[in-house]
Peer 1: 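Here it is: the structure, laid out below.
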Amino acid sequence: MFFRRRSRVAPLTTAGATALALALAGCSAEGPGTTSQGPLAITFLQKQGDQGYFIDEAAGAKAKAAELGVDLTVVDLGNDRDRALKEARTAVAKKARGLIAVVPDPSVGPELVALTRQAGIPLLSTDDQICADYPDPSACFPNGLVPRVGFNGATMGASVGERAATEYARAGWKTADTSMLSIWNNDIPVCRDRVNAAADAFSVHAGAVLKNTKVGTANTVEDARRRTAYALASSPGVKHWVVWGCNDENVEGGIKALSDAGFGPDNVIGVGIGAYLACKDWLPGKPSAMRAALLIKGTDVGALAVQQMVDRLKGHKDLPRETIVPAIMVDPSNWQASGALCT
């Protein structure tokens, strides 16, 4: 017959009891963004980091990370699709606990999702949608879309089209000699959503169907300017233009190309998305072809993305499937009061 020896356990001191209680409570004495090994490490992969909106987004993310005591690394991917995967692997190797990404090309989605799942870290997208199963997010089933913080492309486009229709009615232009100019990156589904919704809303609110001159760009001012110049050569007889795009850069580039071709502010209605470039046109206080712009605050998106990732890592909360940040229309009369940042 066997007997178990009774082991001696020394009584806990007050300090020891406190330490044990904290350990059992999941280290509740730690700060909001820390672990027992130090601050949470989160990587934010961001396309076009030199663009005004994304500069603001990175600033908002960094400010929120500092507030929460999080170690945030922001990486500018430029327009390099392959670099998104390279930097994601680097983040995993450096023991990042979470990954936030707005990628240059949504086709990288399935590879990025597979990489983060294998590493066992959560993935959150901002702005553009990415899909776990298909390179094109528009073909994705809802449960395959990566959780996202950003704006609703169709709603944004509808606001742009409605405002453009209001400006068109004020101008009193004729349908026969007026054309739409839609400028966007064809590879980005949210851009497609914006320009298509703008065209539809314009037709409804203006009660007119205009010729739509479509220009594909890399979503930069100079590329939009160059490509629009080519498109104008095939559009003779147009006296007035209504311009929109995926962002301020597209519209600015289109307006510059039209100005180069002799179309002044009286013959161009531009409605931007972002307002970070549009407001520069309004600073001199002179008539501008950029009549209005939808203000989207990158700072809000960046801050909210970091907060959600910390909530996921520290509070074990599920990432919301989609968080839509509101946008407002601004123009020369109200942009300064709106809090728009000219970058």
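Along the sequence shown, residues carry numbers from 1. Just so we're clear, the structure is a prediction, and the values are computed from it rather than from any experiment.
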Peer 1: Looking only at non-hydrogen atoms, find the nearest pair between Gln129 and Val190 and report the distance.
Peer 2: N-CG1, 4.3 Å

Peer 1: Rounded to the nearest 0.5 Å, what separation is found between the CG atom of Leu68 and the CD atom of Gln307?
Peer 2: 5.0 Å

Peer 1: I need the minimum non-hydrogen distance between Pro189 and Asp136, along with the two atoms involved.
Peer 2: CG-OD1, 3.7 Å

Peer 1: Between Lys47 and Asp127, does any side-chain N to carboxylate O distance fall below 4.0 Å?
Peer 2: no

Peer 1: Please answer: with hydrophobic residues joined when any side-chain heavy atoms are less than 4.5 Å apart, are Val215 and Val238 in the same cluster?
Peer 2: yes

Peer 1: Does the side chain of Pro104 reach to within under 4.5 Å of the side chain of Asp80, using non-hydrogen atoms?
Peer 2: no

Peer 1: Within the structure provided, determine whether Lys239 and Asn267 are in side-chain contact (heavy-atom separation under 4.5 Å).
Peer 2: no

Peer 1: In Å, rounded to the nearest 0.5 Å, how long is the span from CZ of Phe151 to CD of Glu322?
Peer 2: 12.0 Å

Peer 1: If you define the side chain from C-beta out and look only at heavy atoms, does anything of Trp184 sit under 4.5 Å from Lys214?
Peer 2: yes

Peer 1: Any chance you could measure Ile183, atom CD1, to Asn219, atom CG, to the nearest 0.5 Å?
Peer 2: 10.0 Å

Peer 1: Please examine the side chains of Lys62 and Leu72, heavy atoms only from C-beta on, and report whether any two atoms are closer than 4.5 Å.
Peer 2: yes

Peer 1: Would you confirm whether Thr228, through its side chain, and Arg225, through its main-chain N or O, come within 3.5 Å as a donor-acceptor pair?
Peer 2: no

Peer 1: Working to the nearest 0.5 Å, report the span between CH2 of Trp244 and CD1 of Ile269.
Peer 2: 9.5 Å

Peer 1: In terms of hydrophobic clusters joined by side-chain contacts under 4.5 Å, are Val330 and Ile255 together?
Peer 2: yes

Peer 1: Quick one: sort the Trp173 and Tyr168 rings into parallel, tilted or perpendicular, breaks at 30° and 60°.
Peer 2: perpendicular

Peer 1: Taking all non-hydrogen atoms of both residues, which atom of Asp177 and which atom of Gly237 are closest, and how far apart?
Peer 2: CB-O, 4.1 Å

Peer 1: So Glu111 and Arg81, do their side chains get closer than 4.5 Å, heavy atoms only?
Peer 2: yes

Peer 1: Of the non-hydrogen atoms in Val74 and Ala58, which two are nearest, and what is the gap between them?
Peer 2: CG1-CB, 4.2 Å

Peer 1: Has the side chain of Arg321 got a donor or acceptor atom that lies under 3.5 Å from a matching backbone atom of Leu145?
Peer 2: yes

Peer 1: Are Val271 and Leu181 connected in the hydrophobic side-chain network, where two residues link if heavy atoms are under 4.5 Å apart?
Peer 2: no

Peer 1: Please report the shortest heavy-atom distance between Asp248 and Ala275, naming the atom on each side.
Peer 2: OD2-N, 2.8 Å

Peer 1: State the SG-CE distance between Cys246 and Met156, to the nearest 0.5 angstrom.
Peer 2: 7.5 Å

Peer 1: Please check this pair: side chain of Asp56 against backbone of Tyr53, looking for a donor-acceptor N/O pair closer than 3.5 Å.
Peer 2: no

Peer 1: Is there a side-chain contact between Met309 and Val70, using heavy atoms and a 4.5 Å cut-off?
Peer 2: no

Peer 1: Going only through I, L, V, M, F, W and Y residues with side-chain contacts under 4.5 Å, is there a path from Leu294 to Val221?
Peer 2: yes

Peer 1: So do the side chains of Ile55 and Tyr276 get within less than 4.5 Å of each other, counting heavy atoms only?
Peer 2: no

Peer 1: Would you kindly confirm whether Phe44 and Ile121 end up in one hydrophobic cluster when ILVMFWY residues are joined by side chain heavy atoms under 4.5 Å apart?
Peer 2: no

Peer 1: Quick one: do Glu222 and Arg226 make a salt bridge, cutoff under 4.0 Å?
Peer 2: no

Peer 1: Is the shortest distance from a Lys or Arg side-chain nitrogen in Asp223 or Arg227 to a carboxylate oxygen in the other one below 4.0 Å?
Peer 2: yes

Peer 1: At what distance, to the nearest 0.5 angstrom, does SG of Cys131 lie from CG of Leu112?
Peer 2: 12.0 Å

Peer 1: Within the distance-only criterion (no hydrogens, no angle test), does the side chain of Thr73 pair as donor or acceptor with the backbone N or O of Thr43 below 3.5 angstrom?
Peer 2: no

Peer 1: Would you name the heavy atoms of Ala327 and Ile296 that are closest together and state the gap between them?
Peer 2: CB-CG2, 3.7 Å

Peer 1: Consider only side-chain N and O atoms of Thr178 and Trp241, and report whether a donor and an acceptor are under 3.5 Å apart.
Peer 2: no

Peer 1: Just by distance, do the side chain of Gln46 and the backbone of Phe54 share a donor-acceptor pair under 3.5 Å?
Peer 2: yes

